[in-house]
Amino acid sequence: MAAAESHPTPETSVIAIDGPAASGKSTVARALASRLGYRFLNSGDLYRAMTWHCLHHGVDCQDSGAVASAAGQARVEIGCDGADYYPLIDGGDPRAHLRSEAINSCVSPVSAVPAVRYILSAAIRAHAQGRRTVVEGRDIGSAVFPETPYKFYIDAPPQVRQRRRRNQGQVEEIARRDLIDSTRSTDPLTVAPGATVIDSSTLDIQGVVAAMLDKLAGQGLGCAIAACSSNG
Ligand code: CDP
């Protein structure tokens, strides 16, 4: 590998992790960030926060024009809590509300609106670019940071993912969200070119993180990884 490729440049300090609902990507993304001393950004929380904003303002989430207009008026910022980044909308912290059933059912239609994607992708790019960050979502490797060489796609069979959600005490039908997310016209959920696909149904969290660390070390993200691997 050429010397220039062996150190992350500011543009390539992002590790992108994508995958469908309940694939385990948030857990492994946070664990990977912690092992590497990176920050962690769950981009789904921004989409959930924008959905919360729409619901809070009485916007019909199926009305893409109204959603686009509400999104255009929202002030989106990204705060920092320990190693985690989180969304702020109009100065407020909506984190306590992001996993409600109402948001679960409206987040995919809201996220399919091109204006919403434009606004949130720009916010994510502006915030994470040049910062050592693990960013998790649906389109991070394919659309938000296509230039990063560090891309993963975490997957698991639908029945395994649905069971995980049930074990978390949630009754959500994730197949509906997966269908909307993977068939929308703007930045659908897909395996980004060059992404390493990992099936999380055959590995525990530490196994998935170890597979990622191996891959990153092979790509030359070496010094930090060698140090953190030997520290366990
Ligand atoms: O936790 P879970 O995997 O179920 O979902 P999430 O990461 O919280 O994302 C919630 C929803 O936000 C997804 O179903 C997508 O509709 C949307 N999303 C997106 O469109 N693009 C992203 N980069 C992240 C999330």
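Predicted model only: the values in this text are computed from it and were never measured. Numbering of ligands and ligand atoms starts at 1, following listing order.
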Original post:
Between the main-chain N or O of Gly19 and the side-chain N or O of Ser23, is there a donor-acceptor pair closer than 3.5 Å?
Top reply: no
Subject >> Close residues, ligand 1: non-hydrogen atom nearer than 4.0 Å >> reply: Ala21, Ala22, Lys25, Asn42, Ser43, Gly44, Tyr47, Arg48, Arg99, Val107, Ser108, Ser111, Arg117, Glu136, Gly137, Arg138, Asp139, Ile140, Arg165, Arg177, Asp181, Arg184
Anything under 3.5 Å between a donor and an acceptor, one on a side chain of residues 71-82, the other on a protein residue two or more places apart or in another chain? List them.
residue: Arg75; atom: NH1; partner: Glu77; partner atom: OE1; Å: 2.9
residue: Asp81; atom: OD2; partner: Arg95; partner atom: NH1; Å: 3.1

**OP:** State yes or no: do Val28 and Val160 share one hydrophobic cluster built from I, L, V, M, F, W and Y residues joined by side-chain heavy-atom distances below 4.5 Å, directly or via other members?
**Re:** no
Original post:
Honestly curious: do Ile180 and Ile140 fall in one hydrophobic cluster under the side-chain, below-4.5 Å linking rule?
Top reply: no
**OP:** Please determine if Asp181 and Arg138 form a salt bridge, counting it only when a charged side-chain N lies under 4.0 Å from a carboxylate O.
**Re:** yes
**OP:** Before accepting this row, confirm whether a basic side-chain N of the pair Asp45/Arg99 lies closer than 4.0 Å to the acidic partner's carboxylate O.
**Re:** yes
